[in-house]
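Since the structure comes first, as structure tokens, the remarks are kept for the end.
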Amino acid sequence: MLDIRLIRDTPDQVKQRLANRNGDFASLVDEVQAIDTQRRAAETERQKLQGDRNRISKEIGIAKKNGQDTSAIEAEVRVIGSRIEEIGREADVADARQRDLLLSIPNLPHEACPVGSTAEENPEVRVWGTKPDYDFQPKDHTVLGAALGMLDFEAGAKISGSAFVVYRAAGAKLERALISFLLDLHTTQHGYEEISPPLLVKAECLVGTGQLPKFGDQVYHSAADDLYLIPTAEVPVTNLHRDEILPLERLPVNYAAYTPCFRREAGSAGLGTRGLIRMHQFDKVELVKITTPETSMAELESLTANAEKVLQLLGLHYRVIELCTGDIGFGSAKTYDIEVWAPGQGTYLEVSSCSTFGDYQARRMNLRYKDENGKNRIPHTLNGSGTALARLFVALVETYQQADGTILIPEALRGHFGAAKIG
RNA sequence: GGUGAGGUGGCUGAGUGGUCGAAAGCACAUCUUUGCUAAAGAUGCGUAGCCUUAACAGCUACCGAGGGUUCGAAUCCCUCCCUCACCGCCA
């Protein structure tokens, strides 16, 4: 969430920067300011009255010790007490309202984030490789998957409904090989610590990373236990340090985690899309960093580079685009998307989204660190997919398909997969 | 799931209704002294909010969480959570 002081001191600048986003947040900013004024007035009065009560109660204690009658003065305190209750209720209501409002205001786009309103205005940052040529018509991964017995969408639908899939045989093994390939790369080459977190988390975690309260309809929820299925490993992994004060030596924190991700995709365009492109459950290796504010921008570049390395090693053509202010996520200050080329689709697929959240998430989850002067400061959090598996699977299978219907396994993956081709 | 014990500041640990935000020790920081790879002493040392300021200071809240009793709660009552031990069950 945003710093209330920033809103208090420079509301117009805050509004101006939010105006570059999609949606109208100016009225929320006004409302927060109004509530903040109310809250502080009530808070000040409450504290003054509490001070009075503390002082007088102390006097009562002393008087009683001296055997004096205190009934009159006790009655006086009782009046103060009921006033404290009254004004305290006001203060609490205002406080809760202020927090709600702050939680529903998105992050300020970073100055370095290009201004724009739609995805069409996202600048392309760089391109790696070229679109491969085929002397045959490249097939879609669903066709290849069915022919090679790797993907079974009917079984997925039968067991769980639409947008679920069953990987089988070489498909299941390829998925598993990709997961360990990604984890090994990031842990041994890029310095990340491997994390295997719970897949069910408490509501506080989702508030911390920003999915709640606004996007509650997108996550699966177990009502009986009030636990949520994670939509991304970002949630449990970033929240590992919720409510903590990290020593400076601990930074930067670098975590890599493989988890399945669960998303309801309610009202989402493309949910009916054929194949693996948009599923309710998919695998992903996520990279998470916690850094000092000074280094977060540089860390965003290295995080993105770490994710790109995956595609380079696999020999997959991709491009990196930068999201404009109208297209970045709720909590993000700046985001790069990595899109891999899928020949069977004839389009680029987003396989990674690398963002810095500035101090937005850290503030929500009360995460701090001690700086060199021993002062508590708010660190920056970053995350990026390294990468999403289902779409990587699509790009890989479609890119390396051969005229005879077999699929070549790229050199870098053969050790993990244990064979040079499928079919 | 059952029974028992317990949750106090970075750690250990005292504190069962009234100058307790909390003794003491450890750790840490600064200073002093003796001196040498250590010792002694002094001082400081939680978090957040409010109000203010050039700065200091002041006030309020926080002793697992939330309620309650009371003029006053770390301390009494209720609910919940967590940890540990043993038992049961179990991948």
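Reminder, nothing fancy here: chain letters follow the sequence lines and each chain counts from 1.
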Whole-Å [atom1] distance, [N] and [M]:
N	M	atom1	result
B/G18	B/U75	C1'	11 Å
B/A61	B/C28	C1'	27 Å
B/C31	B/G25	C1'	22 Å
B/U43	B/U47	C1'	22 Å
B/A73	B/C90	P	50 Å
B/A27	B/G46	C1'	14 Å
B/G6	B/U12	C1'	15 Å
B/A22	B/G15	C1'	8 Å

Applying side-chain contact (heavy atoms from CB on, under 4.5 Å), name anything that partners [X], two or more places apart in sequence or on another chain.
X	value
A/Ser117	A/Glu121
A/Arg40	A/Arg8, A/Asp36
A/Gln47	A/Glu43, A/Gln50

Can you list everything that forms a ring pair (Phe, Tyr, Trp, His ring centres under 6.0 Å) with A/Tyr360? Sequence neighbours excluded, please.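 So A/Tyr360 forms no ring pair (Phe, Tyr, Trp, His ring centres under 6.0 Å) with any residue.
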
Going by ring pair (Phe, Tyr, Trp, His ring centres under 6.0 Å), name the residues that satisfy it together with A/Phe330, two or more places apart in sequence or in a different chain.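 For A/Phe330, the residues satisfying ring pair (Phe, Tyr, Trp, His ring centres under 6.0 Å) (neighbours in sequence not counted) are A/Phe215.
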
Take the protein atom [atom1] of [X] and the nucleotide atom [atom2] of [N], then report the distance between them rounded to whole Å.
X	N	atom1	atom2	result
A/Arg250	B/G10	CZ	C1'	16 Å
A/Lys58	B/A73	NZ	C1'	14 Å
A/Glu74	B/G18	CD	P	15 Å
A/Asp69	B/C71	CG	P	14 Å
A/Arg78	B/U69	CZ	P	13 Å
A/Asp226	B/A65	CG	P	20 Å
A/Asp225	B/C80	CG	P	16 Å
A/Asp243	B/G64	CG	C1'	13 Å

Does the protein touch nucleotides 46-61 of chain B at the base, only the backbone, or not at all? Give it as B, S and - per nucleotide, heavy atoms under 4.0 Å. -SSBBS-------BBS

Which pairs would a plain distance check flag for residues 407-423 of chain A, meaning a side-chain donor or acceptor within less than 3.5 Å of a matching protein atom at least two apart in sequence or in another chain?
{"residue": "A/Glu411", "atom": "OE1", "partner": "A/Arg414", "partner atom": "NH1", "Å": "3.3"}
{"residue": "A/Arg414", "atom": "NE", "partner": "A/Ile409", "partner atom": "O", "Å": "2.7"}
{"residue": "A/Arg414", "atom": "NH2", "partner": "A/Ile409", "partner atom": "O", "Å": "3.0"}
{"residue": "A/His416", "atom": "NE2", "partner": "A/Asp184", "partner atom": "OD2", "Å": "2.8"}

Classify the ring geometry between A/Tyr192 and A/His190 as parallel (under 30°), tilted (30 to 60°) or perpendicular (over 60°).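 If you compare the ring of A/Tyr192 with that of A/His190, the planes turn out perpendicular.
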
Qualifying salt bridge (charged side-chain N to carboxylate O under 4.0 Å, His left out) pairs, either residue in residues 375-399 of chain A, two or more places apart: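 For residues 375-399 of chain A: A/Glu294-A/Arg377.
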
Kindly state each residue pair satisfying salt bridge (charged side-chain N to carboxylate O under 4.0 Å, His left out) with at least one member in residues 322-337 of chain A, sequence neighbours excluded.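 Listed once each, the pairs are A/Glu322-A/Lys334.
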
Canonical and wobble pairing (Watson-Crick, G-U, under 3.5 Å) of RNA chain B, dot-bracket with |: ((((((((.[[[..)..(.....]]].((((((.....)))))).(((((.......))))).[[[[[..)....]]]]])))))))....

Set of residues satisfying side chain to side chain donor-acceptor pair (under 3.5 Å) with respect to A/Tyr167, sequence neighbours excluded: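 Partners of A/Tyr167 under the side chain to side chain donor-acceptor pair (under 3.5 Å) test: none.
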
Residues from residues 80-91 of chain A sitting under 4.0 Å of RNA chain B, heavy atoms only?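 Contacts with RNA chain B under 4.0 Å: none.
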
